[in-house]
Student: 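One structure is given below, represented as structure tokens, and several questions about it will come after.
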Amino acid sequence: MNEQSDASTVRVFIALAPPDDAKEELERELRPAYEAYPRMRWNRVEDWHITLAFLGELPVGVVPLLRQPLADLAARHAPVALALRGGGHFDERVLWTGIDGDLTGLHTLAAEIRGLVEECGVALEERPLRPHLTLARARRDDPFSVPQVATGLAAFTGRRWHAERLHLVGSNYGRGPGPIRYRDIEAWPFTGTQ
């Protein structure tokens, strides 16, 4: 199932991904920050996502139990209209851009996903959904870069787009001192009309 075939667990989350052109739009906006703050640990653009439910470390054998229920859920939902907007930070170390658009639909989808995951026997931490897309992390000795970049990103307003697919993602790829790598375990199109 994954590159580390002897692993007995996999770190899993369920997410939406912006389309390439929305990511490219934000990437262009961030180019001056990439050059001005090279010591920040910038997430790879291809890994940008909006986490709807973080499942944590799961036994590898649990992951197949989620596939059909998630596929059925995606088949019931229409694509969600969203946009990337502004910037902010968590604890002066994590830089993010916010999510705009159909936030009611996004919260409803996330609540349904969380309920479904719990029905499948996976316990989730109780934490409110704060829709965002993580862009970078500062090093421990740098409390200034993330707030400065977030301020520069505050006026950014990206174009509207539709989240077309629901992604079940594994994030145990590349564990260690380097950047975390993500890989779709599976993804399903939203084909409903809700």
Side-chain angles (χ1 to χ4, degrees), residues 11-54 74 77-110 113 127-140 142-174 178-190:
R11 185 172 295 146
V12 178
F13 61 91
I14 300 166
L16 303 177
D20 289 344
D21 56 348
K23 291 190 281 190
E24 290 163 4
E25 182 180 39
L26 178 57
E27 185 181 28
R28 282 191 300 275
E29 184 76 15
L30 288 169
R31 277 192 192 129
Y34 290 158
E35 293 174 18
Y37 301 95
R39 289 193 65 234
M40 286 178 56
R41 293 179 301 195
W42 294 95
N43 290 5
R44 297 180 326 155
V45 174
E46 58 267 31
D47 288 337
W48 285 353
H49 64 273
I50 303 160
T51 301
L52 299 179
F54 180 73
H77 278 270
V80 183
L82 302 172
L84 302 175
R85 182 175 184 179
H89 56 87
F90 300 126
D91 301 327
E92 286 75 40
R93 293 210 42 231
V94 178
L95 174 69
W96 51 261
T97 189
I99 307 302
D100 197 8
D102 182 6
L103 296 181
T104 299
L106 185 65
H107 280 272
T108 299
L109 176 62
I113 289 168
R127 58 168 74 162
L129 178 66
R130 295 172 68 182
H132 68 280
L133 189 152
T134 301
L135 302 171
R137 288 172 175 74
R139 299 184 187 280
R140 293 190 193 283
D142 179 8
F144 305 109
S145 296
V146 164
Q148 290 170 351
V149 177
T151 298
L153 197 55
F156 173 73
T157 300
R159 69 163 193 83
R160 296 259 180 203
W161 46 273
H162 285 87
E164 302 282 346
R165 299 175 73 75
L166 182 64
H167 299 263
L168 179 63
V169 183
S171 64
N172 65 337
Y173 311 101
I180 295 170
R181 300 286 188 223
Y182 304 109
R183 182 176 66 95
D184 272 4
I185 295 170
E186 197 158 341
W188 303 272
F190 292 115

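Here the structure is a predicted model, which means the values were calculated and not measured.
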Student: I need the full list of salt bridge (Lys or Arg N to Asp or Glu O under 4.0 Å) pairs touching residues 84-93, with sequence neighbours left out, sorted by first then second residue.
Tutor: Arg85-Asp100
Student: Check each of Val149, Leu153, Val94 against Leu135 using the side-chain contact (heavy atoms from CB on, under 4.5 Å) test, and report the only one that passes.
Tutor: Leu153
Student: Got a sec, which residues hit side chain to side chain donor-acceptor pair (under 3.5 Å) with His132, two or more places apart in sequence or on another chain?
Tutor: Thr134
Student: Going by the angle between their ring planes, with limits at 30° and 60°, are Trp42 and Tyr34 parallel, tilted or perpendicular?
Tutor: perpendicular
Student: Is the shortest heavy-atom distance from the side chain of Tyr182 to the side chain of Arg44 under 4.5 Å?
Tutor: no
Student: Nearest 0.5 Å please: distance from the CH2 atom of Trp96 over to the CG atom of Asn43.
Tutor: 15.0 Å
Student: Which heavy atom of Ala83 sits nearest to which heavy atom of Gly158, and what is that distance?
Tutor: CB-O, 3.8 Å
Student: Give the minimum heavy-atom separation between Val80 and Asp102, together with the two atoms involved.
Tutor: CG1-O, 3.9 Å
Student: Give, for atom CD1 of Ile185 and atom CG of Leu168, the distance between the pair rounded to the nearest 0.5 Å.
Tutor: 4.5 Å
Student: Work out which heavy atom in Thr51 is nearest to a heavy atom in Ala15; give both atom names and the distance.
Tutor: CA-CB, 4.1 Å
Student: Just by distance, with hydrogens left out, do Tyr37 and Gln148 show a side-chain donor and acceptor under 3.5 Å apart?
Tutor: yes
Student: Would you compute the distance between atom CG of Leu30 and atom CD of Glu35 and round it to the nearest 0.5 angstrom?
Tutor: 11.5 Å
Student: Check this for me, if you would: do Arg139 and Asp142 make a salt bridge, where the nitrogen-to-carboxylate-oxygen distance has to be below 4.0 angstrom?
Tutor: no
Student: Can you give me the closest heavy-atom contact between Leu133 and Pro18, atom names plus distance?
Tutor: CD1-CG, 3.5 Å
Student: Counting N and O atoms only, with roles assigned by atom type, does the side chain of Thr97 sit under 3.5 Å from a partner on the main chain of Gly86, one being a donor and the other an acceptor?
Tutor: yes
Student: Just so I know, are the side chains of Arg137 and Leu95 near enough to count as touching, which here means a heavy-atom distance under 4.5 Å?
Tutor: no
Student: Not counting sequence neighbours, which residues clear side chain to side chain donor-acceptor pair (under 3.5 Å) with Trp188? List them please.
Tutor: Glu186
Student: Within the 4.5 Å heavy-atom criterion, are Glu25 and Phe156 side-chain neighbours or not?
Tutor: yes
Student: Considering residues at least two apart in sequence or located in another chain, which fulfil the side chain to side chain donor-acceptor pair (under 3.5 Å) criterion with Arg159?
Tutor: Asp21
Student: Side-chain contact test, heavy atoms from C-beta onward, threshold under 4.5 Å: evaluate it for Phe190 versus Leu109 and give yes or no.
Tutor: yes
Student: Kindly indicate whether the side chain of Lys23, heavy atoms from C-beta on, has any atom under 4.5 Å from the side chain of Leu26.
Tutor: no
Student: Which distance, rounded to the nearest 0.5 Å, do you find between the OG1 of Thr157 and the CG of Leu84?
Tutor: 10.5 Å
Student: Taking all atoms of both residues into account, what is the closest heavy-atom pair of Ser171 and Phe13, and its distance?
Tutor: CB-CE2, 3.8 Å
Student: Excluding sequence neighbours, so at least two apart, what forms side chain to side chain donor-acceptor pair (under 3.5 Å) with Glu24?
Tutor: none
Student: Anything under 3.5 Å between a donor and an acceptor, one on a side chain of residues 160-167, the other on a protein residue two or more places apart or in another chain? List them.
Tutor:
residue : atom : partner : partner atom : Å
Arg165  : NH2  : Ala187  : O            : 3.1
His167  : ND1  : Asp184  : OD1          : 3.2
His167  : ND1  : Asp184  : OD2          : 2.7

